[in-house]
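Within every chain, numbering begins at 1; the chains are lettered A, B, ... in the order of the sequence lines, protein sequences first and strands thereafter.
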Amino acid sequence: MRDALAALAVEPLPERVDLERPARKEHGDWSSNVALATAKKAGRNPRELASQLVDHLNADLPPHVERVEIAGPGFVNFHLAPTWLHDVLSDVVTLGTEGFARSDAGVGHTVNVEFVSANPTGPVHAGHARGAAYGDSVARLLERCGYGVTREFYINDRGVQMQNFGASLAARKKGEEPPEDGYKGQYVTDWAAEMPDDADPVAWGEDRALADQREALAAFNVHFDVWYKELALVDSGAIEETLDELREKGHVFDDDGATWLRSTEFGDDKDRVLVKSDGELTYLAPDIAYHRDKFSRAERLINVWGADHHGYVPRMKAAMQALGHDAGELEVAIVQLVELLKDGEPVKISKRSGNLIELRDIVDEVGADAARLTYLLQSIDSRQTVDLAVVASQGMENPVYYVQMAHARIHGITRKAAEAGFERAPLNTVDLSLLTHERELDVLRSLSELPETVLSACNDRAPHRVTTWVRELAGAFHGFYHDCYVVGEGVSPELTQARLWLVESARVGLAIGLDLLGVSAPEQL
RNA sequence: GCCCUCGUAGCUCAGUCGGAUAGAGCGACCGCCUCCUAAGCGGUAGGCCACAGGUUCGAUUCCUGUCGGGGGCACCA
């Protein structure tokens with residue numbers, strides 16, 4: 001393309017030539033707006049330039065390109081031959097679930113993804129679920145793109161809430177009501193009944209809560225590499241070190257008997273207290289020390305926070321800058337809140353009464369796969385409404401079912417083919433050029449987009465794009481399934497073989513996509 | 001009051017670096033099973049991309065403002 005532009009004496013040459021996938025099939029497989037983008041600077045007419053460009057390219061077509069056309073105000077559209085898609089099929093099945101749609105963009109780089117980080121005072125609840133699905137999926141995307149990834153859970157086990165929790169357990173054990181600002185959920189009573197007489201309610205309660213959280217998250221297919229206790233941070237002396245470092249660097253001052261971080265220096269609204277006038281630490285001081293520790297273990301940090309915490313972003317970023325990091329090295333993904341419905345009725349959750357929906361309840365009710373795919377259906381930037389009855393339903397209003405159906409059909413075909421005596425022949429003995437049906441090509445077009453989808457989803461921390469892609473592939477496959485029989489009277493053995501490989505390629509694509517979402521798919525529904 | 005975020009079909013939402021006639025699913029309506037699961041497929045209807053300016057050859061996309069929904073503005077964790 002650049003050569004063609006140079007040959008046409010375009011001056012100045014564009015820095016980059018963008019190719020994009022047109023939204024409409026008639027516009028070809030690839031399209032470039034380069035004539036539009038450069039015409040003005042070069043003092044040429046866009047349409048005319050595009051036309052010359054097309055002539056030049058058509059004179060010597062690159063491999064797989066069937067023809068190049070001019071369209072609209074000056075777009076240059078490339079129409080590819082089906083052979084291109086047959087090569088895609090070969091790539092997919094040769095590279096397989098391990099190798100296809102993998103990127104080395106992050107090789108040699110480390111990222112720490114911290115998410116969930118629920119307080120160790122009770123079970124993981126519905127409010128954590130979306131962030132859990134999101135954080136784990138982002139970690140999966142990063143891994144697929146070559147990054148060294150740590151999944152980390154921060155345990156907030158220092159502070160008054162632990163005393164309240166311990167006191168609540170102790171009270172329940174004695175058959176009394178918890179204190180006014182204590183924890184009133186049913187689980188406190190249940191756990192108190194398990195608690196040995198000689199146990200320290202605070203320490204025992206923390207372990208009990210963590211065990212419960214770990215189990216519920218595992219059932220949600222989320223596993224952490226590091227569970228980091230705030231108390232360990234306190235014991236390590238890291239907080240004092242951090243305060244000293246900030247003071248040395250001149251970002252700390254004393255006022256009103258308290259110690260302050262001059263966070264306004266780095267864009268925060270106001271300066272923040274690190275040590276209160278009574279000598280106690282605020283939550284912020286250990287948090288800074290914790291992030292400092294994470295930076296000693298990874299180049300880049302991603303925090304997944306609920307929308308109710310977004311106000312803390314500027315001060316954390318300011319603190320990291322005070323420690324000498326670039327603001328961009330700490331990313332905070334803000335996950336908008338989920339409104340939970342049950343049969344269209346809002347589920348009221350009240351922390352005060354302890355009346356909350358546990359993650360475990362959701363998994364029990366709809367299954368981990370359905371729950372995860374549902375949470376990853378939409379961008380985290382939009383508020384989500386989840387109706388548990390819909391997620392659990394086995395109907396069309398449920399995208400989970402649509403996707404799982406495609407996967408089950410793939411295995412249905414494989415089973416049926418085996419019954420009819422068909423095993424896949426080696427790929428190099430199969431004539432893929434028989435795959436010319438528009439439905440077949442649609443499946444392959446969809447597969448051809450997976451590598452770029454994965455990379456962009458990774459770079460933009462947007463796993464929902466994978467979900468969208470998986471739904472599209474499932475749609476293309478359902479169309480193929482309907483119109484193209486793999487095994488049947490009117491199908492030649494050669495075509496059966498080619499289609500068996502097509503089915504396999506769809507299976508690989510679906511497997512990759514679903515794995516990135518942390519969703520398994522049944523072979524049968 | 002200030003900050004973050006969202007506003008796209010009746011509903012739930014996609015829409016990448018600004019591109020062509022704005023997409024999908026559900027719901028509505030009309031079709032399609034002698035064969036791998038009809039839990040599916042095809043078609044029709046349905047849009048002032050909240051509104052008003054600006055930048056641009058070109059804006060759903062970028063900028064400013066207005067309106068509306070959600071969240072946040074502690075020497076609380």
Exercise. Under the side-chain contact (heavy atoms from CB on, under 4.5 Å) test, which residues partner T259(A), sequence neighbours left out?
Worked result: R247(A), V252(A), D254(A), V275(A)
Exercise. With sequence neighbours left out, what residues match E48(A) under salt bridge (charged side-chain N to carboxylate O under 4.0 Å, His left out)?
Worked result: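 Not a single residue meets the salt bridge (charged side-chain N to carboxylate O under 4.0 Å, His left out) criterion with E48(A).
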Excluding sequence neighbours, so at least two apart, what forms side-chain hydrogen bond (donor to acceptor under 3.5 Å, both in side chains) with [X]?
X	value
T467(A)	none
H291(A)	N303(A)
E339(A)	none

Exercise. Rounding to a whole Å, what distance do you find between F165(A):CZ and C76(B):C1'?
Worked result: 19 Å
Seminar exercise, completed: Here the side chain to side chain donor-acceptor pair (under 3.5 Å) pairs for residues 453-466 of chain A, sequence neighbours left out, are E331(A)-R461(A), S456(A)-R465(A), D460(A)-R465(A)
For this session: Go through the side-chain N and O atoms of E449(A) and S446(A) and say whether any donor and acceptor fall under 3.5 Å apart.
Result: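 S446(A) and E449(A) do not have a side-chain donor-acceptor pair below 3.5 Å.
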Problem set entry | Runs of at least three Watson-Crick or G-U pairs with RNA chain B, cut-off 3.5 Å |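 Stem list for RNA chain B: B:1-7 with B:67-73, B:10-13 with B:23-26, B:28-32 with B:40-44, B:50-54 with B:62-66.
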Problem set entry | Residue-level proximity of residues 270-281 of chain A to RNA chain B when a heavy atom falls under 4.0 Å |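 Listed by number, they are K270(A), V273(A), K276(A), S277(A).
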For nucleotides 35-37 of chain B, which of its nitrogen or oxygen atoms have a protein nitrogen or oxygen under 3.5 Å away, and what is each distance?
residue: C36(B); atom: O2'; partner: G412(A); partner atom: O; Å: 3.2
residue: C36(B); atom: N3; partner: V486(A); partner atom: N; Å: 3.3
residue: C36(B); atom: N4; partner: Y481(A); partner atom: O; Å: 2.4
residue: C36(B); atom: N4; partner: C484(A); partner atom: O; Å: 2.9
residue: U37(B); atom: O5'; partner: Y481(A); partner atom: OH; Å: 3.3
residue: U37(B); atom: O2'; partner: R409(A); partner atom: NE; Å: 3.4
residue: U37(B); atom: O2'; partner: R409(A); partner atom: NH2; Å: 3.2
residue: U37(B); atom: O4; partner: L525(A); partner atom: N; Å: 3.2

Seminar exercise, completed: Its contact letters, B for base, S for sugar-phosphate only and - for none at protein heavy atoms under 4.0 Å, make nucleotides 3-9 of chain B read BBSS---
Exercise. Just wondering, do Y402(A) and G25(B) stack (centres under 5.5 Å, planes under 30°)?
Worked result: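 It does not: the ring fails the test against the base of G25(B).
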Exercise. Within less than 4.0 Å of OP1 or OP2 of C75(B), is there a side-chain N or O belonging to Y283(A)?
Worked result: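 Result: no.
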Can you give each donor-acceptor pair under 3.5 Å made by side-chain atoms of residues 498-511 of chain A, sequence neighbours left out, with the distance rounded to 0.1 Å?
residue: R499(A); atom: NE; partner: E440(A); partner atom: OE2; Å: 2.5
residue: R499(A); atom: NH1; partner: Y485(A); partner atom: O; Å: 2.8
residue: R499(A); atom: NH2; partner: E440(A); partner atom: OE2; Å: 3.1
residue: W501(A); atom: NE1; partner: A425(A); partner atom: O; Å: 3.0
residue: E504(A); atom: OE1; partner: R507(A); partner atom: NE; Å: 3.0
residue: E504(A); atom: OE2; partner: R507(A); partner atom: NH2; Å: 3.0
residue: S505(A); atom: OG; partner: L502(A); partner atom: O; Å: 2.6

List the atom pairs, with distances to 0.1 Å, where a side-chain N or O of residues 417-424 of chain A and a protein N or O form a donor-acceptor pair under 3.5 Å, not counting sequence neighbours.
none

